[in-house]
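Note that the structure is a prediction, hence the values are computed from the model and not measured.
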Amino acid sequence: MLSRQHKLLVMKIVGLFSVVRGYNIPIIVLAQYLSAIFILAPEKRALDILLDFNLFLIVFASAVTIASGYIINNFYDSQKDLINRPNKSMLDRLVSQKTKLSVYFSLNFLAVLMALIVSWRAFLFFSAYIFLIWFYSHKIKKYAIIGNLTSALLAVVPFFAILLYFYNKILFEEIENHMSHFAVISAHAMFLFLLLLIREMIKDLENLKGDLANDYQTIPILYNETVSKQIITVLTFMTVIPVYVLVNIYDVGYMDIYFYICFIALLFFLIYLWKSNSKEQYLLLHNVLKFLIVSGVFCIVLINPSVLWHGKNLISRF
C-alpha cells in the first residue's frame, strides 16, 4: 500500500501529465516522423530517417517546446479553466503555479539546448517559437480572429522545423526543381491549418462562459454564435481547395481515401453544427475534429504503404 505522501506525489505527477497534455505529445512526435518519411523526404530510406540523430533532436525539441507551451497556456488560463473544464482544472491545480513555471523554464532550456546541438539556425528557430507561444498565451489569445489564427499557426510550426531541416541545404538555383514538392507540402499544411483553425473556433463556442467571465474577446462574444458558425462553414468548405490539389494534381497514394472520408464527415459536422447550441454539443464537434486530425496522422502511411514492409526488410538485415 502506498503511503499518503506517495499517493499525493503520484497525483501530482498525474496532474503534471495533464497540464502538459502528455497524451498529445506522442501523436505529435509520430506525425513529425511520418511526415518526414512520407512527405518531406520520400526519396530517403525510412530507416535512415529514423536513425538520423539530428532529426531526433529536432523532434525532441519540438515535443518539449509544445509541452512547455501547454504549461504556460495552463498558467494563464487557470481561472478560465475553472469554469470551462472544472474536473481537469482540479487535477491540474494539484501542481502549484511555482512548479509549473519551474518545469516550463527547464523544458525551454532543454529545447534550445537540443536545437543548438543541431545548428544555430535551429537555436534561433526554437527561441522564436518559444517566445511566440508565450506571447500568444499572455496576450494574443484573448483577441478574436488573430488569436484563432495564431493558435492554429503555432500548432503547424513544428512541421516547418523538420521542413527547414531537410531543405536548408538546397541551393537557391535548385529551388525551382523542388517547387512541385513544396506545393504538396504546402497543400498538406493548409489542410491541417484549416482543420486546426476550425477546431479553435469550435473551442470558442464551447468555452463561451469562461471566456466571457475572463474578458476574452472571441468572435461569439464580440458578435454572436451565428456569425461564428458562418465563419466555420466558410472555413470548412475552404478545405476543398487543398484536398483538390492533393487528390487531383499530385499523387498522395491511397491517402485520397482519407480525404474523401474526411470531407463527408465534415459535411455531417456542419449539419450538426447548425443544430448545436450547448457546451456538450460543441464538445462533441470538437472531439470529431480531433479524431479527424489524429486519424490523418496515421493515414499519412497510406501515401506509400510499401514503406512499412520495406522498412521491416531493412531492419531485418542488421
Side-chain angles (χ1 to χ4, degrees), residues 20-69 106-130 155-171 174-175 177-178 180-189 192 250-255 258 293-318:
V20 302
R21 303 186 192 181
Y23 41 85
N24 282 345
I25 304 301
I27 298 295
I28 294 167
V29 170
L30 179 64
Q32 286 183 292
Y33 269 113
L34 290 179
S35 297
I37 294 170
F38 292 94
I39 301 174
L40 299 176
E43 72 284 351
K44 292 189 176 183
R45 291 195 314 169
L47 191 61
D48 291 338
I49 292 174
L50 292 173
L51 297 179
D52 188 328
F53 182 66
N54 283 338
L55 178 61
F56 166 77
L57 292 178
I58 293 292
V59 172
F60 184 83
S62 299
V64 169
T65 302
I66 291 167
S68 73
S106 299
L107 290 178
N108 284 338
F109 175 77
L110 183 60
V112 294
L113 180 62
M114 295 299 99
L116 185 59
I117 293 173
V118 177
S119 70
W120 64 269
R121 292 185 183 88
F123 171 80
L124 292 177
F125 181 93
F126 280 98
S127 297
Y129 187 33
I130 290 167
V156 177
V157 165
F159 299 97
F160 285 103
I162 53 175
L163 172 66
L164 293 175
Y165 172 73
F166 281 112
Y167 290 98
N168 67 347
K169 295 180 181 179
I170 295 178
L171 299 176
E174 295 179 355
I175 290 179
N177 298 330
H178 293 81
S180 62
H181 199 190
F182 288 144
V184 174
I185 294 167
S186 299
H188 278 282
L192 176 60
Y250 298 102
D251 182 17
V252 289
Y254 295 107
M255 196 179 179
Y258 163 77
I293 293 169
V294 173
S295 60
V297 170
F298 290 97
C299 286
I300 292 174
V301 175
L302 296 176
I303 294 176
N304 184 11
S306 64
V307 170
L308 292 178
W309 50 80
H310 286 168
K312 289 179 182 179
N313 290 337
L314 286 170
I315 291 172
S316 66
R317 292 176 189 174
F318 288 88

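With a 4.5 Å cut-off on side-chain heavy atoms, Phe166 and Lys44 count as touching. By the 4.5 Å heavy-atom criterion applied to side chains, Tyr33 and Leu55 are counted as neighbours. At a threshold of 4.5 Å between non-hydrogen side-chain atoms, the residues Ile37 and Leu50 count as touching. Using a 4.5 Å cut-off on side-chain heavy atoms (C-beta onward), Phe160 and Ile185 make no contact. At least one side-chain heavy atom of Leu110 sits less than 4.5 Å from a side-chain heavy atom of Phe60.
The CG atom of Asp52 sits 3.0 Å away from the OH atom of Tyr165 when rounded to the nearest 0.5 Å. Summarising the geometry, atom CD1 belonging to Ile130 is positioned 4.0 Å from atom CG belonging to Asn108; distances are rounded to the nearest 0.5 Å. Taking CD1 of Ile49 as the start and OG of Ser35 as the end, the distance is 10.5 Å to the nearest 0.5 Å. Expressed to the nearest 0.5 Å, how far CZ of Arg21 lies from CD1 of Ile27 amounts to 14.5 Å. With rounding to the nearest 0.5 Å, the separation of CD1 in Ile117 from CZ in Phe123 is 12.0 Å. Of the inter-residue distances, the one linking Met255 atom CE with Phe38 atom CZ reads 10.5 Å to the nearest 0.5 angstrom.
Listed by chain and residue number, nothing satisfies the side-chain hydrogen bond (donor to acceptor under 3.5 Å, both in side chains) test with Asn54 (two or more places apart in sequence, or in another chain). With sequence neighbours excluded, the residues that form a side-chain hydrogen bond (donor to acceptor under 3.5 Å, both in side chains) with Ser62 are Gln32.
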Determine, stepwise, if the pair Leu164 / Arg121 fulfils side chain to side chain contact (heavy atoms under 4.5 Å, CB included).
-> CA-CA 9 Å; Leu164 293 175; Arg121 292 185 183 88; over 6 Å; no
For side chain to side chain contact (heavy atoms under 4.5 Å, CB included), just list the numbers for Val64 and Phe109, CA-CA rounded to whole Å, side-chain angles, deciding distance to a tenth of an Å, and then say yes or no.
-> CA-CA 10 Å; Val64 169; Phe109 175 77; over 6 Å; no
Derivation and outcome, side chain to side chain contact (heavy atoms under 4.5 Å, CB included), residues Phe298 and Leu30 | CA-CA 8 Å; Phe298 290 97; Leu30 179 64; 3.4 Å; yes
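Within 6.0 Å of CZ on Phe53 lie no more than 12 heavy atoms contributed by other residues, nucleotides or ligands.
Of all heavy-atom pairs spanning Ala61 and Met114, the tightest one is CB-CB, 4.2 Å. Across all non-hydrogen atoms, the minimal contact from Ala31 to Ile300 is O-CD1, 4.5 Å. Considering all non-hydrogen atoms of both residues, Thr65 and Phe126 come closest at OG1-CD2, 3.7 Å. Heavy atoms only, all atoms of each residue included: Ala122 and Ile58 are closest at CB-CD1, 4.0 Å.
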